Participant: 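Okay, handing you the structure first.
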Amino acid sequence: MQVRENLTVDQGPTFTNRSGIHISKLTLAFIVGIFVCGIVGSGFLVYHFISCPREQKCGQGDFSTTTSHPTTAHPEPRVTVADFLLPTALKPLHYDLKIQPFFESKNFTFDGDVAVTVEVLEECKNITLHSYALKIPEKEIRITENGTDKEIGVTGTSYVEMQHFFVIKTSAMLQKGKLYRVHMKFEGILNEDMQGFYRSSYHVGNDTRWLAATQFQPTDARRTFPCMDQPDMKARFSITVGRPKNMISLSNMRRVREASVDNNPDYLWDIYEESVPMSTYLVAFVVCDFAHQTDPTGTLSVWAREDAIKSASYALQIGPRLLKYLERFFNLSYPLDKVDMIALPDFSAGMQVRENLTVDQGPTFTNRSGIHISKLTLAFIVGAMENFGLITYREATMLFEEGISAISNKQRVATVISHELAHQWFGNMVTIKWWNDLWLNEGFASYMEYLGVDAVEPSWMSMDLFVVMELHAVFSLDALSSSHPISVDVANPDEISDIFDRISYGKGAAIIRMMDHFLTSEVFRRGLNTYLKTLKYGSATQDDLWGFLTDAARESGVFDKETSVKVIMDTWTLQTGFPVVSVVRDYAGGGVELHQKRFFLINQTDDHQEDPLWWIPITLTTSSELNFTDTAPSHWMRGERSVKLDDVRIDATDWLIINVQQSGYYRVNYDEENWRAIVTYLNDPMKFREIAPSNRAQLIDDALNLARGGYLSYVTALEVTRYLHHETDYVPWKTAINGLTFIESMLQKTGQFELFRRYCIHLLDKVYNEVGFEDVKNSSMLTVYKRVDILTLACHLGYSDCVDRSVEKFNMWIHEPNPDVHNTVSPNLKSLIYCTAIRNGDQRIWDFAWERFQRTRVASEKEILLSALGCSREPWILIRYLDRSLTESYGIRKQDVFRVFAAVSSTNIGQTVTFNYMRSNWDHIREYLGSTMANLNSILKYSTRRINTPFELEELKRFTDEHFRDYGRSVKQVIERSEANISWMKRNFKVITTWLSNVTMS
């Protein structure tokens, strides 16, 4: 094993030296082995013998997580949740926190002091807090008994590195039932890592403006002040922030007053009112020189750079409307009297596409794979953070510039704001006890974002979009054998960060939506209301929520006394993957039999492993009934492998469709005769619309993915797609584009690609002419989306009319006297036209777009240009672009490097360039991104997503063997996808090309 890393040693609660010590690989491997063994051993010894003295029962934390996962035959030894929990002898009640950031004058540091009031639950002779990368002078620590002048002596401190425990040893016993005040001074680095308390900058002309902001989720409050940094350890906070006089500050609560700073006339203290009880990860403060706008009620304010504040108008308009909707939905008032929303130039968030991203953020815990995993993958999902009363956003997720930004940017802003405001109730008011239930917070907010936007912007048809944007998207990841349960045991920060992924968000949202349907919305909301009111300002597990929902279901008669939400939902949260329900019909007798089996992207042939079983809500309709509105289950598969629907009789000439509106989180496969009946119906231009759009999308998605996994012949799946020639609705087309794009990516490097290209252009003919190339004013959201996606596919396939018109419109922009002021390209078509023109243009076109990127100050425009610049087909231009993304002087923020790699690798030419570039420059990539926004796993994923030959796979494995030691989950998923692609080519290439050769296109 070769180790290619800089050795960065953290010295406990002091400033962290990030320069690294370069030593030989062999020596490093030897030292690391001894070092890790020593740290693990001494860490546990220190933890058990110092944190809780032998003679005292300090009370080790013991959350019983809801999972009960089977172990392997030879399980690896691993730490448990209990090993990372603080002792339970003390409970925090209140923090008095003062913090003062310094910018260039003091080399980007901050000073602070904190007084933590703790209640003693069990006698103990030490105080254990979390701290990381802080300097805490022992002589400055003072412990006093609350309400008296009695001081408790400090006999020493110690640091347990693995757990980030800062242990204060006391001279006297802390008495049970008493309160003590622990006062400490500390210093820290105002880092560039976009975690903890970090610095950011932006430019006004040639002037650099600095700001400082916080990002604490999940475990980075400890980087900013000593605290009990666990979600269940809620307390009240009285926060005071020091700021330069020419700047402002913000925090969770309203500012009460300001005061002078002793010995520093250039600074003022902003003193904030005491907070409601909240977790440390929700504490927030910002120091900046931003402008703001406030809604007429004075409740909601938006903050941004002064030259960007007008772009926050839409956020200011929709935010109060969403707040009012959420108050009605939860039947519970917003818990604070204000909410600030601020758009930050540097934020470790900001990914539009919902991918499973993990990133290196510097000196964090390292898992067995050797991959440093970001603590802020949340931000890559939604681009914001739900701090109580002070929500922080990446600029592109809060700012919308009318006339410049596309309508998709507008929807993104609305969706993210809806997500974060939903957290103010679900997550902030009632918080998870431990991170194994992260999915409950994020899955719920991910579902609520659609409900909220649907309520305030009903013409957008957001709930129709849920199926293709969330459900279908997460299916592809959850179909891998390397997926994970939605509720998973996590212990250290490394493992916690690893579950901030699409499973927690997308699958969480999908199964909550399923629960909303099978409980009925009325029962669902009643149970949520009782849950929130009963546990307000407390913490909970998923079982707590299941209990309240079960009570509501039984009271309303939806469930009998034997059925519970827990029994049903445990099968969805504690098991990996999802089922495919196979339907077998008795055409003579009219009966139906259902079988369930776990769905894999690579169909498993191992009969020795027992498939998990789920409680599956069954909804169905037939060609005689055509009932696509009733989503209450008529039957259940109650953890049974097979079930006969004894009360169902279907005419032999009817088709049967199961999973109405695809409300259940499962796929459905039919026997050949039922598939043929469905195909016949779809191909009738007068009848196919009688099947709901969401179910037409389901049929396409199920068929293509069942074929991809080997459960269904590609002949049948492709026959399903033939009806698209007369389909014009967006949701089915969006699904079809996703499915067909995969086939395109597999065939593009073969000599038979023209067959597939010709077939797709035939399918597009009618809908292409219907949408037209002009961005018609006042078009509905779905019409705009349909136009953009259809034109994008047509141009990508080289449809001459689409390519010519895109190039023409781009050239019109080039010839504008002032292209930075007058852009003739329609905002909604920018991504399509920019990419097509660059793909079919020369260096002059690329350089023009690059110059526009350098000059624009609009966040959404920068994102579009960053993606479009990767569309070139010139390898040297693409390599130059990758070089520039890894050089600070070119203006690409480190948080956007992943976007460059994703863009370049989006074509076969670019994929090869990116894969080779990544392997040749890995050390430089790690060095450049290693201490900040090193999205290493996403770069690996994007650089390898089109691999489909054994040679490429061997090169990939050679690279990962060298640089990733053991395979973590993300690396396993990359390799498994590549193996699946190779297997797919072997099974399906000839079948598909033969069908394409014989299909009639009339």
Side-chain angles (χ1 to χ4, degrees), residues 308 310-318 321 352 396-415 417 453-465 468-469 693 727-734 737 764-795 799 801-837 852 856 858-865 867-868:
K310 60 184 174 62
S311 300
S313 297
Y314 179 66
L316 185 62
Q317 171 200 335
I318 198 171
R321 294 164 60 200
Q352 307 184 71
T397 61
M398 199 187 98
L399 305 181
F400 172 78
E401 185 71 20
E402 196 71 50
I404 297 177
S405 305
I407 196 171
S408 58
N409 298 115
K410 191 174 189 178
Q411 191 221 18
R412 181 184 180 191
V413 168
T415 298
I417 291 174
V453 172
D454 191 53
V456 300
E457 298 280 11
S459 66
W460 293 2
M461 307 294 288
S462 294
M463 298 315 296
D464 284 349
L465 291 176
V468 290
M469 299 298 187
E727 175 67 85
T728 56
D729 280 357
Y730 174 67
V731 172
W733 258 113
K734 176 64 175 176
I737 290 170
L764 284 169
D765 182 54
K766 181 178 179 179
V767 71
Y768 179 87
N769 291 324
E770 187 235 2
V771 299
F773 206 89
E774 298 302 321
D775 189 12
V776 180
K777 192 174 182 179
N778 297 323
S779 294
S780 69
M781 171 79 77
L782 292 189
T783 299
V784 172
Y785 280 5
K786 179 172 64 174
R787 180 178 295 117
V788 171
D789 285 357
I790 292 298
L791 295 180
T792 299
L793 179 60
C795 281
Y799 190 49
D801 181 72
C802 186
V803 173
D804 292 346
R805 296 182 73 170
S806 295
V807 171
E808 178 187 358
K809 289 185 178 293
F810 194 88
N811 283 331
M812 289 171 63
W813 182 30
I814 289 178
H815 291 101
E816 280 287 327
N818 191 345
D820 294 310
V821 176
H822 301 290
N823 188 339
T824 55
V825 180
S826 168
N828 291 323
L829 300 180
K830 281 180 177 179
S831 58
L832 154 74
I833 290 173
Y834 290 3
C835 180
T836 304
R852 304 288 75 72
T856 185
V858 178
S860 61
E861 186 75 358
K862 278 190 174 291
E863 286 191 352
I864 291 173
L865 285 164
S867 294

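All residue numbers in this chain count up from 1 along the given sequence. Predicted model, so just to flag it, every value in this text is computed and none were measured.
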Participant: Would you say CE of M463 has more than 12 non-hydrogen atoms from neighbouring residues, nucleotides or ligands within 6.0 angstrom?
Facilitator: yes

Participant: Please confirm whether the backbone N or O of I407 pairs with a side-chain atom of N828, one donor and one acceptor, at under 3.5 Å?
Facilitator: yes

Participant: Suppose we screen for ring-ring contact (aromatic ring centres under 6.0 Å, His included). Which residues come up paired with Y314, at least two apart in sequence or across chains?
Facilitator: none

Participant: Enumerate the salt bridge (charged side-chain N to carboxylate O under 4.0 Å, His left out) contacts for residues 822-831, please, sequence neighbours excluded, ordered by first and then second residue.
Facilitator: K830-E861

Participant: Within the structure provided, determine whether V413 and T397 are in side-chain contact (heavy-atom separation under 4.5 Å).
Facilitator: no

Participant: Output, in order, the C-alpha distance, side-chain angles, deciding distance and verdict of side-chain contact (heavy atoms from CB on, under 4.5 Å) for L782 and L465.
Facilitator: CA-CA 9 Å; L782 292 189; L465 291 176; 3.6 Å; yes

Participant: Please identify each residue that fulfils side chain to side chain contact (heavy atoms under 4.5 Å, CB included) with A455, with sequence neighbours left out.
Facilitator: Y325

Participant: With rounding to the nearest 0.5 angstrom, report the NZ to CD1 distance, K809 to I833.
Facilitator: 6.0 Å

Participant: Nearest 0.5 Å please: distance from the CE atom of M469 over to the CD atom of Q411.
Facilitator: 6.0 Å

Participant: Is K310 paired with E401 through a side-chain N to carboxylate O contact shorter than 4.0 Å?
Facilitator: yes

Participant: According to ring-ring contact (aromatic ring centres under 6.0 Å, His included), who are the partners of F773, at least two apart in sequence or on a separate chain?
Facilitator: none

Participant: Restricting to salt bridge (Lys or Arg N to Asp or Glu O under 4.0 Å), what partner residues turn up for K862, sequence neighbours left out?
Facilitator: none

Participant: With sequence neighbours excluded, what pairs up with S462 under the side chain to side chain contact (heavy atoms under 4.5 Å, CB included) test?
Facilitator: Y450, V453, D454, W460

Participant: Tell me, which pairs form a salt bridge (charged side-chain N to carboxylate O under 4.0 Å, His left out) where one or both residues lie in residues 814-828, sequence neighbours left out?
Facilitator: D820-R852, D820-R855

Participant: Taking all heavy atoms of A837 and all of V807, pick out the closest pair and write down the distance.
Facilitator: CA-CG2, 4.3 Å

Participant: When you check the side-chain N and O atoms of Y730 and D789, is any donor under 3.5 Å from an acceptor?
Facilitator: yes

Participant: Walk me through whether F400 and S860 qualify under side-chain contact (heavy atoms from CB on, under 4.5 Å).
Facilitator: CA-CA 8 Å; F400 172 78; S860 61; over 6 Å; no

Participant: For the atom pair OG (S779) and OH (Y785), what is the distance rounded to the nearest 0.5 Å?
Facilitator: 13.0 Å

Participant: Between atom CE of M812 and atom CG of N823, what is the distance when rounded to the nearest 0.5 Å?
Facilitator: 10.5 Å

Participant: Could you pull out all residues at least two apart from D775 that satisfy salt bridge (Lys or Arg N to Asp or Glu O under 4.0 Å)?
Facilitator: R787

Participant: For residues I404 and P827, determine if any side-chain heavy atom of one lies less than 4.5 Å from a side-chain heavy atom of the other.
Facilitator: no

Participant: According to side chain to side chain contact (heavy atoms under 4.5 Å, CB included), who are the partners of D801, at least two apart in sequence or on a separate chain?
Facilitator: Y768, Y799, R805

Participant: Show the nearest heavy-atom pair for residues L791 and G772, with the distance to one decimal.
Facilitator: CD1-O, 3.7 Å

Participant: Determine, stepwise, if the pair C795 / C835 fulfils disulfide (SG to SG under 2.5 Å).
Facilitator: CA-CA 9 Å; C795 281; C835 180; over 6 Å; no

Participant: Tell me, please, which residues at least two apart from L793 pass side chain to side chain contact (heavy atoms under 4.5 Å, CB included).
Facilitator: I737, L764, L797

Participant: I need the D729 CG to K734 NZ distance, nearest 0.5 Å.
Facilitator: 15.5 Å

Participant: Under the salt bridge (Lys or Arg N to Asp or Glu O under 4.0 Å) rule, collect the residues that match up with K786, sequence neighbours excluded.
Facilitator: E770

Participant: Can you see which heavy atom on P732 is nearest to which on P693, and at what distance?
Facilitator: CG-O, 3.7 Å

Participant: Does the side chain of M461 reach to within under 4.5 Å of the side chain of V731, using non-hydrogen atoms?
Facilitator: no

Participant: According to salt bridge (Lys or Arg N to Asp or Glu O under 4.0 Å), who are the partners of E402, at least two apart in sequence or on a separate chain?
Facilitator: none

Participant: Looking at CE of M781 and NZ of K410, how far apart are the two atoms once the value is rounded to the nearest 0.5 Å?
Facilitator: 7.5 Å

Participant: Could you tell me whether W813 and F810 have their ring centroids closer than 6.0 angstrom?
Facilitator: yes

